[in-house]
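Each residue takes its place number in the sequence, starting with 1.
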Amino acid sequence: MLIGFNVAFFPMHILGLLGMPRRVYTYAPDLGWNLWNLLSTIGAFLIGASLLVFLANVPFDFCHWGTTRT
């Protein structure tokens, strides 16, 4: 989740430094922001995937709590 967080939000800082305004749903494709937006999207999916793994692991560990696995 830490890697996904950094991959999602660090490109947003770069985009802000490059001049991308916030709260705009569309922008011109020739501004050079496509790669940074793609990286941010990949990071968001990494956060979502790690959250799904965590939520799937909680009931599994709850059912096997107190037993030893060898």
Side-chain angles (χ1 to χ4, degrees):
M1 189 175 281
L2 179 68
I3 294 170
F5 181 86
N6 287 323
V7 172
F9 291 105
F10 182 71
M12 290 183 193
H13 295 291
I14 301 296
L15 284 169
L17 292 173
L18 292 175
M20 181 177 178
R22 296 185 298 166
R23 298 178 188 93
V24 176
Y25 70 95
T26 186
Y27 52 89
D30 59 345
L31 295 174
W33 298 336
N34 293 334
L35 175 66
W36 295 109
N37 281 324
L38 178 66
L39 286 174
S40 183
T41 302
I42 290 170
F45 278 112
L46 283 173
I47 292 172
S50 65
L51 185 63
L52 286 176
V53 169
F54 174 76
L55 291 176
N57 195 25
V58 168
F60 177 78
D61 285 340
F62 183 73
C63 291
H64 294 94
W65 185 62
T67 60
T68 58
R69 290 182 239 163
T70 58

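In the hydrophobic clustering of this structure, Trp36 does not group with Phe9; members are Ile, Leu, Val, Met, Phe, Trp, Tyr whose side-chain heavy atoms approach within less than 4.5 Å, directly or through other members. When the side chains of ILVMFWY residues are joined at heavy-atom separations under 4.5 Å, either directly or via intervening members, Met20 and Leu31 end up in a single hydrophobic cluster.
Checked options Ile14, Leu15, Leu38; the residue passing with Trp33 is Leu15 (criterion: side chain to side chain contact (heavy atoms under 4.5 Å, CB included)).
Within 6.0 Å of the CG atom in Leu18, the count of heavy atoms belonging to other residues, nucleotides or ligands exceeds 12.
The shortest non-hydrogen separation linking Val24 to Thr26 is CG1-O, 2.8 Å. A pairwise comparison of heavy atoms in Ser50 and Ile47 identifies OG-O, 2.9 Å as the closest pair. Considering all non-hydrogen atoms of both residues, Leu39 and Pro11 come closest at CB-CG, 3.9 Å. Summarising the geometry of Ala44 relative to Ala8, their closest heavy-atom pair is N-CB, 3.7 Å, with the distance given to 0.1 Å.
Using a 4.5 Å cut-off between side-chain heavy atoms of Ile, Leu, Val, Met, Phe, Trp and Tyr, Leu55 falls into a hydrophobic cluster with Met1, Leu51, Phe54, Val58.
Here Asp30 pairs with nothing under the side chain to side chain donor-acceptor pair (under 3.5 Å) rule; sequence neighbours left out. The ring-ring contact (aromatic ring centres under 6.0 Å, His included) check on Phe45 picks up nothing, with sequence neighbours excluded.
Side chain of Thr41 to main chain of Asn37: a donor-acceptor pair is present (N/O by atom type, distance under 3.5 Å, no hydrogens or angles).
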